[in-house]
Amino acid sequence: MKIGFARKIKHVIQKRCHNGKGAILFREIFDKKDFKSNLQFLHETIVLPNSTIGYHKHLGNEEIYYVIEGKGLMKVDGQEKIVKPGDAVITYSGSSHGLKNIYDRDLKILVFEAIY
């Protein structure tokens with residue numbers, strides 16, 4: 001059995017992610033060719049201070065945000081909640097979500113996505 005090790009790729013900057021504000025940094029740890037399942041990717045994402053991942057809809061896939069460090073305001077289907085380290089939020093197909101860094105430091109999350 002082949003063992004999959006994470007890529008040692010540097011973070012890439014992305015401005016206005018999903019039409020959000022500011023910038024995020026992301027690193028693709030695994031992508032769909034690494035999985036033997038419906039998982040599509042695992043990203044390590046840093047939402048910079050005063051930046052957002054814009055509110056957007058998912059169709060045919062699910063996404064999980066797992067907070068590693070920092071604080072954010074998560075919005076899913078119109079409901080908002082402050083998230084902090086150890087919190088995880090799932091967005092199902094047909095639902096919408098977005099995330100705002102509400103802290104003066106980086107907000108680091110892991111992002112998992114799977115398709116049906």
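Screening residues 69-88 for ring-ring contact (aromatic ring centres under 6.0 Å, His included), with sequence neighbours left out, gives no hits. Within the structure, side-chain hydrogen bond (donor to acceptor under 3.5 Å, both in side chains) pairs that include any residue of residues 107-116 comprise Asn61-Glu113, Glu62-Tyr116 (at least two apart or interchain).
In this structure, Ile24 is a member of the same hydrophobic cluster as Met74, with clusters built from ILVMFWY side-chain heavy atoms closer than 4.5 Å. Residues Ile64 and Ile115 do not share a hydrophobic cluster, defined by chaining ILVMFWY side chains whose heavy atoms lie under 4.5 Å apart. Residue Tyr65 is not grouped with residue Phe112 when hydrophobic side chains (ILVMFWY) are merged at heavy-atom distances under 4.5 angstrom, including chains of intermediate members. A continuous path of ILVMFWY side-chain contacts below 4.5 Å connects Leu39 to Tyr66, so both sit in one hydrophobic cluster.
Considering Leu110, Val111, Leu25 as possible partners of Glu44, the one that fulfils the side chain to side chain contact (heavy atoms under 4.5 Å, CB included) test is Leu110.
The shortest distance between side-chain heavy atoms of Ile68 and Ile109 does not fall below 4.5 Å.
Across all non-hydrogen atoms, the minimal contact from Ser93 to Gly60 is OG-N, 2.7 Å.
The ring-ring contact (aromatic ring centres under 6.0 Å, His included) test applied to Phe26 returns His43, not counting sequence neighbours. Residues satisfying the side chain to side chain donor-acceptor pair (under 3.5 Å) criterion with Arg105, sequence neighbours excluded, are Tyr103. Applying the side chain to side chain contact (heavy atoms under 4.5 Å, CB included) rule to Ile102 yields the partners Lys71, Leu73, Ile82, Lys100; only residues at least two apart in sequence or on another chain are considered.
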(Q) Between Tyr92 and Ile90, is the side chain to side chain contact (heavy atoms under 4.5 Å, CB included) condition met? List the steps. (A) CA-CA 6 Å; Tyr92 300 105; Ile90 189 166; 3.4 Å; yes
Q. Passes side chain to side chain contact (heavy atoms under 4.5 Å, CB included), Phe41 versus Phe30? Steps please.
A. CA-CA 5 Å; Phe41 63 76; Phe30 294 112; over 6 Å; no
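A distance of 8.5 Å separates CZ in Arg27 from CG in Leu42, rounded to the nearest 0.5 Å.
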All N/O donor-acceptor pairs, side-chain side in residues 46-57, below 3.5 Å, sequence neighbours left out:
from: Ser51; atom 1: OG; to: Ala23; atom 2: N; distance (Å): 3.0
from: Ser51; atom 1: OG; to: Ala23; atom 2: O; distance (Å): 3.2
from: Ser51; atom 1: OG; to: Leu48; atom 2: O; distance (Å): 3.4
from: Thr52; atom 1: OG1; to: Lys21; atom 2: N; distance (Å): 2.7
from: Tyr55; atom 1: OH; to: Asp77; atom 2: N; distance (Å): 3.3
from: Tyr55; atom 1: OH; to: Gly78; atom 2: N; distance (Å): 3.0
from: His56; atom 1: ND1; to: Gly54; atom 2: O; distance (Å): 2.7
from: His56; atom 1: ND1; to: His97; atom 2: O; distance (Å): 3.3
from: His56; atom 1: NE2; to: His58; atom 2: NE2; distance (Å): 3.2
from: His56; atom 1: NE2; to: His97; atom 2: NE2; distance (Å): 3.1

